[in-house]
Amino acid sequence: MNKTSTTGTQPRTVQMSVNSEASILITNGQGQRVGFDTEKNNVVNEIPGAVINNETRFPTYLLPFDKSGKPYTIILSGKPLKSRVETNLTLTGPGFLVGFKGIHLDAGENLTATIGNDGRLLAFTAGQSGETPTLSYAVSAGHGQPSYKFEIGTLKLAAGKTVSATLDTNSGHLFFKDNDEQRNKYSVMMRRTNPDGTQNVYRRHDISFGATDNYLMEYGKWDGQGSVCFKVDGGKGFDQSACVEMSNEAGTQQSKSR
């Protein structure tokens, strides 16, 4: 494991894991891998400084923070499985916990996920079943700033099609899209925890109003009670798109104490 240096500074790291018997193979931006190679049926570790922790119920992977700016590609394999499992894939790093909730993985199936090295990009490619997991973010901006949790989901995509999301905490924007030719409805949940400990929750389950599935959510401007501005990219970029105000779903508890 990484140790604190004599100067008192600790190397920045990220940790990746799944909560099932599924195996994972992680490839960083330089093409180096760590995890289980199902083709050669062995464990590989080509990333300098990476550590595989087998003392937990399922292996966890501690990786040095990748400064390349390129995302990690993760292959989830059901080769070790005897039947379908539902699993979560998570990446924990400085100020964030992100990943995919409710991945349905069949025995012998391989699925592909992508996670940005800073936790801002999430992408998942649907397998033969077309089922997609929930894309999940939990991020903290630091002391005196609100923290956020987001969950973005769509029901199904055609096999081989990809759903992705990008969180821009500087601008207060959440982007999400897919490359499926069929129209899809998205669900979005946002929970904002304010510096005083109170929370505001926003939910919508019917986001589908554009010619393409390529949306922008301006969450940073939300007042904690009313509507949120969404935009759709019709081919000319979001700057040329009109704001569509979408109210909070009826029955959503908008504010509560932590």
Side-chain angles (χ1 to χ4, degrees), residues 1-127 132-140 162 164-165 167:
M1 303 292 288
N2 289 335
K3 297 181 179 180
T4 304
S5 70
T6 55
T7 62
T9 59
Q10 180 138 4
R12 298 178 71 195
T13 59
V14 297
Q15 179 175 291
M16 197 173 303
S17 63
V18 290
N19 62 344
S20 73
E21 299 289 349
S23 65
I24 61 174
L25 182 63
I26 305 161
T27 304
N28 68 8
Q30 288 74 46
Q32 300 164 321
R33 306 173 303 156
V34 61
F36 189 77
D37 185 338
T38 56
E39 293 185 2
K40 296 184 178 179
N41 202 37
N42 65 355
V43 175
V44 298
N45 188 353
E46 302 165 349
I47 301 177
V51 175
I52 304 174
N53 180 8
N54 290 302
E55 296 180 358
T56 53
R57 181 181 178 187
F58 306 112
T60 58
Y61 300 84
L62 190 68
L63 312 174
F65 189 82
D66 190 343
K67 299 179 181 179
S68 72
K70 298 179 181 179
Y72 296 103
T73 300
I74 305 98
I75 303 297
L76 297 94
S77 177
K79 186 176 180 179
L81 304 176
K82 295 181 180 179
S83 60
R84 166 182 274 211
V85 299
E86 181 175 316
T87 189
N88 300 334
L89 170 65
T90 60
L91 177 72
T92 306
F96 64 85
L97 171 63
V98 302
F100 307 88
K101 298 171 60 176
I103 301 170
H104 293 102
L105 180 65
D106 289 321
E109 181 181 34
N110 286 340
L111 296 174
T112 303
T114 303
I115 304 180
N117 69 316
D118 58 359
R120 299 306 187 237
L121 167 67
L122 296 175
F124 188 89
T125 301
T132 58
T134 298
L135 281 59
S136 176
Y137 293 91
V139 295
S140 173
T162 300
S164 63
L167 181 64

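Owing to the predicted nature of the structure, the values given are computational and were not obtained by experimental measurement. Because only heavy atoms are used, hydrogens play no part in the values below, and waters and symmetry mates are left out as well, while side chains stay in.
The closest side-chain donor-acceptor pair between Thr60 and Ser17, if any, does not fall under 3.5 angstrom. Counted by atom type alone, Thr90 and Asn88 present zero donor-acceptor pairs between their side chains at under 3.5 Å. Between the side chains of Thr112 and Thr125, no donor-acceptor pair is found at a separation under 3.5 Å.
If you take OG on Ser77 and CG on Leu111, they are separated by 9.0 Å, rounding to the nearest 0.5 Å. Note that OG1 of Thr92 is 4.5 Å distant from CG of Leu97, once rounded to the nearest 0.5 Å. The distance from atom CD of Gln32 to atom CG of Leu63, rounded to the nearest 0.5 Å, is 10.5 Å. Note that CD of Glu21 is 12.0 Å distant from CG of Leu105, once rounded to the nearest 0.5 Å.
Taking all atoms of both residues into account, the shortest heavy-atom contact from Thr132 to Ala126 is CG2-CB, 4.3 Å. Minimum interatomic distance between Val14 and Gly93 (heavy atoms only, all atoms of both residues): CG1-CA, 4.0 Å. Closest approach of Val98 to Ala138, counting heavy atoms only: CG1-N, 4.4 Å. Looking at every heavy atom in both residues, Ser68 comes nearest to Gln30 through CB-NE2, 3.0 Å.
Residues Thr114 and Ile74 form no side-chain contact, since every pair of their non-hydrogen atoms from C-beta on lies 4.5 Å or further apart. Proximity of Pro133 to Lys101: side-chain heavy atoms (C-beta onward) are nowhere separated by under 4.5 Å. Taking the side chain as every heavy atom from C-beta outward, Leu62 and Met16 never approach each other to under 4.5 Å. Taking 4.5 Å as the limit, every side-chain heavy atom of Arg12 sits out of range of all side-chain heavy atoms of Pro64. Using a 4.5 Å heavy-atom cutoff, the side chains of Phe100 and Leu135 are in contact. Using a 4.5 Å cut-off on side-chain heavy atoms (C-beta onward), Val85 and Asp106 make no contact. Tyr61 places a side-chain heavy atom less than 4.5 Å from the side chain of Ile24. In this structure the side chain of Val43 reaches within 4.5 angstrom of the side chain of Ile52, judged on heavy atoms.
Salt-bridge check for Asp37 with Arg33: passed, with a basic side-chain N closer than 4.0 Å to an acidic carboxylate O.
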| query | Run the side-chain contact (heavy atoms from CB on, under 4.5 Å) check on Ser23 and Lys79 step by step: do they pass? | reply | CA-CA 8 Å; Ser23 65; Lys79 186 176 180 179; 5.6 Å; no
| message | If you apply the rule side-chain contact (heavy atoms from CB on, under 4.5 Å), what do you find for Phe96 with Leu91, and how did you get there? | response | CA-CA 8 Å; Phe96 64 85; Leu91 177 72; 4.0 Å; yes
| request: With side-chain contact (heavy atoms from CB on, under 4.5 Å) as the test, would you mind laying out the steps for Asn110 and Leu76 before giving the verdict? | output: CA-CA 6 Å; Asn110 286 340; Leu76 297 94; over 6 Å; no
| task | Given side-chain contact (heavy atoms from CB on, under 4.5 Å), test Leu25 with Val44 step by step and report yes or no. | result | CA-CA 9 Å; Leu25 182 63; Val44 298; 3.7 Å; yes
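Partner Tyr72 forms a side-chain contact (heavy atoms from CB on, under 4.5 Å) with one of Thr27, Leu121, Val34, Asn117 and no other, that one being Asn117. When the options Leu89, Ile103, Thr162 are evaluated for a side-chain contact (heavy atoms from CB on, under 4.5 Å) with Phe124, the one that passes is Ile103.
Thr134 places no side-chain N or O within donor-acceptor distance of the main-chain N or O of Ser136, the cut-off being under 3.5 Å.
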